[in-house]
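No experiment lies behind these values; they were computed from the predicted model shown. Throughout, protein chains are lettered first and strands after them, A, B, ... in sequence-line order, and every chain is numbered starting at 1.
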Amino acid sequence: MNRAAAEAVLIRAGALLASMALFGAFVALAGADPFDVFYQMYRGSFGTSFSVQNTLLRAAPLMLTALCTAIPARLGLMVIGGEGAMVIGGLASITCGLACGAMPPWFVTVAMAVAGIAAGGAWVGFSGALRAYRGVNETISTLLFNYIAIALLSYFVEGPMRDPTSLNKPSTRAIPAEDMLQSIPGLEVHWGLVFGLVACVIAHVLMMRSVFGFGAAIAGGNLRAGMLCGLPVRRMMIIAAVLGGGAAGLAGMAEVAAVHGRANASLVTGYGYTGILVSFMAQHEPLAIIPVALLFGGIGASNGLLQRVDHLPDATVAVLQGILFVVILASETLYGRFAIFRPREERVVRSAVRGPTPEAI
Amino acid sequence: MSAAISTNGAPRDADSVPRVPIVPVKGPPRAPPQLAAEGIAKSFGSLVVLEDVSLTLPPGTFHALLGENGAGKSTLVKCIMGYQPADAGRILIDGAPVKIESTRAAQAHGIGMVYQHFTLVPNMTVAENLVMARADVPLVIDWNKEREGLRAFMAGMPFQIDPSRVVRSLAAGERQKLEILKQLYLGNRILILDEPTSVLTPSEADEVLGMLRAMAHAREISILMITHKFREVTSFADEVTVLRRGRVAGQGLVKDLTTADMASMMVGGEVPRASSSRAELELGDVRLSLHDIRAVDDRGIGVLDGISLQVKAGEIVGIAGVSGNGQDELLEVIAGQRELAGGEMRVNGVRYTATREETRTAKMRCLPEEPLRNACVSNMSVSENIGFRGYDRPPFTLWGWLVRRDALRRHAAECVSAFKIKTPSVDTAMARLSGGNVQRSVLARELQGEPRVLVVANPCFGLDFAAVAFIRTRLLEARNSGVAVLLISADLDEIFALSDRILVISGGRMVYETPIASAEVATIGKHMAGHG
Amino acid sequence: MMSAIDPVADVTGIGVWGVPLAVASGAVRIGTPFLFVSLGECLTEKSGRVNLGLEGTLVMGAMSAYAISYYSGSAWLGVLVAGLVGSVLGALHGWLCSLPRVNDVAIGIALISLGTGLAFFLGKPFIQPSATKLPAIDLGFWSSSPEVRSALQINALFVVGLLLAPAIAFLLARTRWGLVLRTVGESSDAARSMGYRVNTVRAIATTCGGFLAGVAGSFLSLFYPGSWNERLSSGQGLMAVALVIFAQWNPVRCLWAALLFGASSALGPALQSVGVSSGYQLFNAVPYVLTLGIMIATSSASRRLPGQPAELTVAR
C-alpha cells in the first residue's frame, strides 16, 4: 500500500474512532452504558449469521446509492439525489414488472432492472443536464427532486396504481412471487448484493482506469483545464449523473423486486441519504465504497437491538451517522499534516515549496 | 470597456495640476517620518528568504526595490507591513524601534501598501471601499456626511475618481489610482507599492509615477516601490536597493548606476538571454484565423467586440494591451473555455470550435497564463498533467479504452529531462511544483507532437530570468520551425522581444497593427490607451 | 375515494372562496418559517459561505422550542432557546469551515444529517405531550365567519420577520458590521488586507444565520403546524437556499419570496380542504417544482447571478 492510501485509511479510521468516542459519550449522557451499546452494535451487525445477513441486505442498496454520489463527484458534481432516484427507479420497475405479466421470470427481472436503471438515470441525469446547460446548482436540484419523487410515489401509489385491496398502507399490486428477485444460493441474501458489488467494480474500472474516468478526473479537478483539453465537459457531466442515478435506480428495483414485491411508502428508506455519507467516507472511490457500505449496513442492522436491549430511540443510528458525517468531513483537514505519509524525497522539497507561498497575498 | 484607461479624459501632466497639500484624515500635514529596516532576516523552514537586509527611506524620497522573482522583495515588505514577523532585525520610525505586528499597526505608523493584486471590492462603490479601509468606521454610517468628506478629500488630490461609482466599472488604471488614493485617504505618508504599473499603459505609468514623485519631492510622502522595470527605476526613483537571493546585492543613488549594473546585481553575473534568434523565414499559409469574434463576460457584458486577425505559419503575432481589455476572454474563446457570442474561428482553413477532435487534428495548442489555475489539475500528478493531450490515444491506451499509466509516466519522464522540470518524481502532485516548473510542464505538454498553432498568454509572468530565457527560446524555436504563434502579453518588452507583427487590443477591439520593423513604443502606448 | 379527504384548515364553510383565503393565510403561516430561514441564509451567504445545514438547524430548533415550551410553559422561552440551539449548530458549521480543506457545502449536508438525527433522538419524548403554543394576533375580529377568523390569525413572529427584513437590509447597507460582512463575502483578499479576520466574520454570520433558522423551527412546532413530529420539516431549510438566489441576496426581496413560497405550499392542503380528492399529492410538490422552476429561470451556465456575493460558490 502506498503512503497516500495509508494516510487516507488511517485518517478515516481515526475519524471513525473519534466518532465512536463522541457517540459513546452521547449515549452515556442519554443514560445508556456505552460499552453495552458498542457490544450490541457488534452483535447486531456482525455477531451472528442472522445479523451478518441483515448487514449484507442493508449494505447492498447502500453501495448503489453511494455510487449515485460518488460517480458524479469525480466530475465535481455534488449529487444528493440518491433517495429520489431510488424511489423513481422502484416505481418504474414495478410498473414494468406488472406490465410484463406472463413473461418468464428472468425476463421480468431483466426488464425491471433496465426500467429501474433507466428511470433513475434519467431522473438524476436531468439534474446533470440542468447543471451543464443552465448552471442550476445540482446539490439543490437533486434534493428538490427527492421531494418531488416522493410526491410522485404517493400520487401513483394512492391514486392510479393503487391496489384496491391495500387498505391500511396504500400500495400498488404485487408482482407474482416467482418473478421476485431470488436469494443468492446458500445465503439468505438476495441478488441485490451482487448488483451492488458488480456495480462498484464496474464503476471502479470506469472512473479510475478508463479513458472516460481520466477525462472526468481532469474536468472534475479543474473545469477550465478540461475545456482547454477540448473535453465535452457538459456531456460528461450528464453521463456521470445518468450513471449515478442508474445505480440508485437499480437499488430501487432491488428493493421492489426482492423485498416488497410492490411499491409503497416503504420505498422511502433513507438509504439514499446514508449513501451520501458512504460515498464521502469512501472519498468517492468506488472500490472503497464496498467496505464502507458494509460498515454502515452493520450500523443500520444493529438499530433493532439498540432499541430492544438498550431502550434507545430508533433515531440512535441517525445520531451516530450524523456524528460520523461531520467528523469525517472535518478530518479532511488532517491531510498532509503528517510528514510520515509524504514520499521520502518530497519531504525536503515540500518545506522548500512552502517558502515562497507567502509571496502570494 | 472602451473608456478603458484614463480617469478624467486625457492623462494630465503632473506639473500642471495645482498642487494642494494633502490633508490626511487624521493629524496635521507634516513631512513623512523616516522609515528604516535593519538587519531583517526571514526563513521558511530550511529555506532562507531574507538575510541581513537593511534599507533607509528618508522623508520625501522615492526608493526602488529591485530583484528577480523569489529574491525576497515581497517578503521584505511583508515584514515591514507586519504581515509576517521577521526572524531577526528591527524596524525604526524616525530612529525609534517599533513593533509592527499587523497591517493596522503599520497604518498607525503611517505606512500603507498598494498591492499588485487589487485589494478593492469590485461589487462595492468607491466610497464604500474607501470608508471600509478606515480603522475608525462608525457603527452606523452617515453616507451623506461621508460623501461630503470624500468630495473634500478628492478635491485636494492630483487625480479624482467619482465616489459613487462601483469599482467593477473602473478600468485597471483607475483602480490602481484608487488604491493609491485609498492609502492617501487613510493618511499614510509612507507608501509601499508592489509593481504598481503592471496594469497601466506606458503613458499612464509615467503619469502616476510622475505624480507620486512630485508628491515625494514636495515632502508629502515617501515611496518604496517594488519593480523589475529598469526604466521606471532610472526615470523616477532617487535611490535603489537590489536584492538577490535574500541579500542586498547593491544599494545606492540611481544616478550613480547604469541599467547594466543593476541587471548584473540582480542575477549576480551574466544575464541569461533567449538563446535562439529569429530566423528569416518565408511566411507560410494562414494557420489561425479569427473572424469578427464576439464574447461576453461572466456578467453578460460584451468584452470582445468583433476581433478579426490571422496568424501565418512561422510568425509570432503579439497582442499588446493593458490587461483587462479582453485579452483573457480572447484566450478563453480560442482555448474553448468561453462560448462565442458571435463570429468564427478557423484553423488551417477549417472551422474550429475547440473540441478535442479538432484540437488534435488541427494540432492547436494553448498556454494560458497562471497555468496551475487554467491548464492543470493541481492534485493530479505531473505525469498525468503532462498526459492531458494524449491520454486517450495509443500508445497511452490499452484496448482503446483503458489508460496506461506506465506509458504516461515514461513519457512524462522524457519531458522532465527535456524541459528541465524540477520535480521529485513524475508522481508528485502538480500543486507541489514551483511556478516556473509548472510553466515548463505545461509547455512540455503543449509542445509535444509538433503543434502547428500555439496560443500563448503572458508566458513569463512571475518567472525568474533563467525561466524566462528558457521559455522565450522555446517559443522562438517553435516559430522558426514553422509554428504559427499568437502571443498575448501585458508586457510590452516581451511583445517587442518576440513578435514579428504587433496588434494592439483596446476595449475588446483590435485598434492598431504594425510589423515589428516599424513598431514604436509611444505609438503603441497611445493605442493601448484607446487614443488612436 | 372520497374518504381520503383530510381537511387541514377547515374553510369549507365559505365555499370556493376558501381556496384563495386559505392560500393567502397559508402564505403568511407557511411563509414565516421560510422568511426566517431565508434571512438567516441570506446573512450567511452575504459573508461568502453557504450553509445547507439550515435544514437540520430548523428541525433541531423545532424540537428544542417544543421541549422548552413544554417544560417551562413559556413559548417565547422556547423560541429563544431554539435560536440559541440554532446558533450553536451555525457556529459549528462556521468553525469547521474555517479549517483548511473543509468544504462548506459538504459540511452543510453533514449537519442536516446530524441536526435531524439529534432532534429525532432527543425529541422522542415530546411527540405525544402538548406544549404551550405561541399566541396569535387576531386580525379577523371584524368578521363573524369563524373560517375567516381562523384564517386571519397572524403570529407575532411574522410581524417580527416583517420588521427584520428591512432591518437586515439597513444593517448591510449602512452599518460597519454590514460593510465588513459584505467585504468578506465579496473579496476575502481585500478583507484580509484591511485587517479583518475572514473566517471569524464568516463564523459569526453563520452563527447569526443559525439563530434565525432555529427561530424558524420554533415557529413550525409552536404555531403552525403547531406540534412536534418527525415529519415537521419538509425541506424548507434547503429551499431557503434557492429562495435567497431568487431574492438576489436582498433581505427585503426575501420577504416577498417567502410569501410566494408559503402560498405555493398552501395550495395542496387548500385544494384538499375544498374536496379535491385526487392528485392533491401532486400539488404538495408544487413548492419544490416552483423552486426548481425559479432556479432554472434565474441560473445561467455562463454568467454569474445578479447580486451574488463574489466569494460564494454554491450558486455558480
Looking only at heavy atoms, what is the nearest atom pair of B:F388 and B:R356, with distance? O-NH2, 2.8 Å
Indicate the atoms forming the closest heavy-atom contact of B:V53 with B:R247, along with that distance. CG2-CA, 4.4 Å
B:E370 and B:F461, any side-chain heavy atoms less than 4.5 Å apart: no
Heavy-atom contact with chain A under 4.5 Å, split by part of B:R445: side chain
Pick from B:S43, B:G400, B:S378, B:C376 with the largest number of heavy-atom pairs that fall under 4.5 Å of chain A: B:C376
Out of B:T397, B:N374, B:T355, which one racks up the most heavy-atom pairs below 4.5 Å with chain A? B:N374
Tell me, out of B:R365, B:M380, B:K422, who's got the most heavy-atom pairs with chain A below 4.5 Å. B:M380
Contact part of B:E332 toward chain A, heavy-atom cut-off under 4.5 Å: side chain, backbone, both or neither? side chain
Checking B:Y391 against A:F214 for the ring pair (Phe, Tyr, Trp, His ring centres under 6.0 Å) test, could you report, in this order, the C-alpha distance in whole Å, the side-chain angles of both residues, the deciding distance, and whether it holds? CA-CA 8 Å; B:Y391 72 88; A:F214 197 97; 4.5 Å; yes
Is B:A375 in contact with chain A via its backbone, its side chain, both, or neither, using a 4.5 Å heavy-atom distance? both
Below 4.0 angstrom, N of the basic side chain to O of the carboxylate: do B:D427 and B:R405 qualify? no
Using non-hydrogen atoms and a 4.5 Å limit, figure out which bit of B:L331 sits close to chain A: side chain, backbone, both or neither. neither
Between the side chain of B:S381 and the main-chain N/O of B:A429, is any donor-acceptor distance below 3.5 Å? no
Using heavy-atom distances under 4.5 Å, tell me whether B:P371 contacts chain A through its side chain, its backbone, both, or neither. neither
